[in-house]
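Data block below; observations after.
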Amino acid sequence: MVHKIIEWSMRNRFIVLILSAGLFVWGVFSVQKNPIDAIPDLSENQVIVFTEWMGRSPQLIEDQVTYPLVTNLQGIPKIKYVRGSSMFGMSFIYVIFEDDVDVYWARERVMERISTISKTLPEGVAPQLGPDGTGVGHVLWYTLDAPNMDLGEQRAIQDWYVKFALQNVPGVSEIASFGGFQKQYQINIDPNKLLYYKLSVPQVIAAVRSNNNESGGRKFEMSDMGYIIKTSGYLKSLEEISNIPVKNQNGTPIKISDLATVQMTGETRLGIFDQDGEGERAGGIVVMRYGENAAEVIDRVKAKMVEVSKGLPKGVKFDIVYDRGELIKESIDSIKNTLIEEMIVVSLIVFVFLFHWRSALSIIIQIPITIAASFILLNAFGISSNIMSLTGIALAIGVIVDNGIIMSENAYKHLSERYELWEKDQNKTTTS
């Protein structure tokens with residue numbers, strides 16, 4: 001079979017050259033379409049279910065949230081196993097699927113199952129899916145350089161302006177905010193005053209909830225005009241919260257200000273973000289969507305940052321803390337230079353040892369064609385251009401030329417022997 005292929009190739013050299021040129025062009029297009037990343041994505045095919053129930057102990061979270069979710073998520077098609085993790089106020093469920101399962105199909109199956117489980121969970125507990133990214137999806141970290149702005153304002157700019165703008169960039173799954181203070185109204189109740197007025201904490205909570213609401217009425221007509229009635233009851237200031245009545249005793253309303261102090265402060269934090277020992281900052285993490293080209297996503301996010309920075313307050317600017325784009329560029333450039341150097345060295349060695357430029361040329365041509373064809377296979381199997389895949393190609397260059405050297409030397413040897421026999425026959429003919 002091999003002899004027939006070689007014989008056919010030798011007799012149809014023009015067709016072989018056209019096929020090789022077509023394969024090379026296809027490979028060049030594959031190189032341009034192949035995703036580029038520095039780190040190979042070896043993470044498992046997983047879907048994360050996140051549940052928040054603040055103020056509860058890890059054991060209570062485990063018993064009433066994590067355990068019901070883990071047991072009910074079992075049995076989803078093409079699932080490998082389910083892992084659960086409970087901590088103070090939060091629960092994480094990791095649903096691991098088989099490697100050949102489409103990640104968005106898996107997310108749909110998990111969402112369907114969660115919709116039936118939510119009824120069995122405590123009131124106010126709502127499980128939600130994590131971002132459609134992977135463990136190596138954190139491609140860019142940034143902070144807001146705002147020296148004359150407090151941390152609450154920095155976090156507000158990040159959460160209500162920067163985050164929404166960057167999250168619209170194609171290929172971005174999530175912008176995870178960190179640092180700073182998340183503003184909130186806090187009501188600090190004095191327990192002694194509760195006892196004095198014979199009230200309970202649930203009564204105070206119910207009073208605040210009932211007074212922070214907006215409802216609609218009905219439409220009525222008067223003088224040939226239509227009017228829509230609605231009530232506007234959202235709380236907008238500390239003073240409005242302080243004046244909320246909780247109870248009426250002997251015609252005297254007992255207000256929140258009689259029981260507690262109301263203040264604007266930050267949410268309780270479990271950690272801080274300090275940059276270079278120069279103080280705290282607020283910022284965000286850009287999480288890349290599953291299967292995207294990391295280099296292109298980073299370039300698009302940076303371009304969007306330039307646009308977003310025009311709307312930031314005076315003196316506020318982006319400070320990129322971690323940029324995988326630089327690592328990708330340096331890694332890929334290093335591997336590319338190594339590939340070029342290897343190709344040159346191998347070509348010189350082949351030419352020196354064979355000392356026959358036509359034989360050396362036939363071997364050297366194999367290198368770019370084979371490398372280009374390898375990217376066709378990388379795209380077919382969904383493998384990105386990263387340190388591991390390109391290093392494997394670099395290591396395989398020596399193997400690529402081995403068969404060409406062996407075949408060329410073998411052909412050269414047989415041709416030499418035939419030429420010697422032909423010369424002997426010619427000499428015998430001339431002598432006779």
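In terms of heavy-atom proximity, K304 sits nearest to A165 at CE-O, 3.5 Å. For the pair P127 and V125, the tightest heavy-atom approach, listed with the atom from each and the gap, is CD-O, 3.9 Å. Of all the heavy atoms in I328 and A295, the pair that sits closest is CD1-N, 4.1 Å. Residues P35 and N293 share a closest heavy-atom pair of CA-ND2, 3.4 Å.
Open room surrounds CH2 on W26; 12 or fewer heavy atoms of other groups in view lie less than 6.0 Å from it. Other residues, nucleotides and ligands contribute only 12 or fewer heavy atoms inside 6.0 Å of the OH atom of Y67. Around the NZ atom of K80, the shell of radius 6.0 Å holds more than 12 heavy atoms that belong to other residues, nucleotides or ligands. Heavy atoms from other residues, nucleotides or ligands lying under 6.0 Å from NZ of K302 number more than 12. A 6.0 Å sphere centred on CE of M54 holds more than 12 heavy atoms belonging to other residues, nucleotides or ligands. The environment of OH in Y81 is crowded: more than 12 heavy-atom neighbours from other residues, nucleotides or ligands sit within 6.0 Å.
For D258, the side chain to side chain contact (heavy atoms under 4.5 Å, CB included) criterion is met by Y197, I254, K255, not counting sequence neighbours. Shown here are the side-chain hydrogen bond (donor to acceptor under 3.5 Å, both in side chains) partners of E280, two or more places apart in sequence or in another chain: R269. Residues forming a side chain to side chain contact (heavy atoms under 4.5 Å, CB included) with K183 (at least two apart in sequence, or on another chain): E153, M264. Looking at residues two or more places apart in sequence or on another chain, you find a side-chain hydrogen bond (donor to acceptor under 3.5 Å, both in side chains) between D63 and Q59. In this structure, N213 has no side chain to side chain contact (heavy atoms under 4.5 Å, CB included) partners at least two apart in sequence or on a different chain. Applying the side-chain hydrogen bond (donor to acceptor under 3.5 Å, both in side chains) rule to E112 yields the partners R109; only residues at least two apart in sequence or on another chain are considered. Taking the side chain to side chain contact (heavy atoms under 4.5 Å, CB included) definition, one finds that Q64 meets it with W53, L60, P122, sequence neighbours left out.
Panel note: side chain Q158, backbone L144; no donor-acceptor pair is recorded below 3.5 Å. In this structure, the side chain of R289 engages the main chain of V172 through a donor-acceptor pair within 3.5 Å. Between the side chain of T120 and the main chain of I117, a donor-acceptor pair closer than 3.5 Å is present. At distances below 3.5 Å, not a single donor-acceptor pair connects side-chain atoms of R56 with backbone N or O atoms of F88. With D319 contributing its side chain and T143 its backbone, the two residues share no donor-acceptor pair below 3.5 Å. The main-chain N or O of G152 is found under 3.5 Å from a side-chain atom of D150 such that the two form a donor-acceptor pair. The main-chain N or O of L199 is never found under 3.5 Å from a side-chain atom of Q203 such that the two would form a donor-acceptor pair. Panel note: side chain N12, backbone W8; a donor-acceptor pair is recorded below 3.5 Å.
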Determine all donor-acceptor pairs shorter than 3.5 Å in which one atom belongs to a side chain in residues 373-380; sequence neighbours excluded.
{"from": "S374", "atom 1": "OG", "to": "I371", "atom 2": "O", "distance (Å)": "2.4"}
{"from": "N379", "atom 1": "OD1", "to": "N34", "atom 2": "ND2", "distance (Å)": "2.7"}
{"from": "N379", "atom 1": "ND2", "to": "S30", "atom 2": "O", "distance (Å)": "3.1"}

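Among residue pairs with one or both ends in residues 194-203, none qualify as salt bridge (charged side-chain N to carboxylate O under 4.0 Å, His left out); sequence neighbours excluded. Each ring pair (Phe, Tyr, Trp, His ring centres under 6.0 Å) pair with one or both residues in residues 262-320, not counting sequence neighbours, appears once here: Y142-F318, F178-F273. Sorted pairs that involve residues 155-174 and meet ring pair (Phe, Tyr, Trp, His ring centres under 6.0 Å), not counting sequence neighbours, are lacking altogether. Within the structure, salt bridge (charged side-chain N to carboxylate O under 4.0 Å, His left out) contacts touching residues 96-107 (residues at least two apart or in different chains) do not occur.
The pair R155-D159 counts as a salt bridge, with a side-chain nitrogen and a carboxylate oxygen less than 4.0 angstrom apart. A salt bridge is absent between E326 and K329; no separation between the charged side-chain nitrogens and carboxylate oxygens falls under 4.0 Å.
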Checklist entry - Should R83 and E44 be marked as a salt bridge (charged side-chain N to carboxylate O under 4.0 Å, His left out) after you check the CA-CA gap, both sets of side-chain angles, and the distance that decides it? => result CA-CA 12 Å; R83 301 171 182 161; E44 294 177 305; 3.4 Å; yes
Checklist entry - Run the side chain to side chain contact (heavy atoms under 4.5 Å, CB included) check on R324 and L140 step by step: do they pass? => result CA-CA 6 Å; R324 195 190 293 177; L140 190 75; over 6 Å; no
Checklist entry - After noting the C-alpha distance and the side-chain angles of Y185 and Q263, does the key distance pass the side chain to side chain contact (heavy atoms under 4.5 Å, CB included) rule? => result CA-CA 6 Å; Y185 295 103; Q263 59 184 354; over 6 Å; no
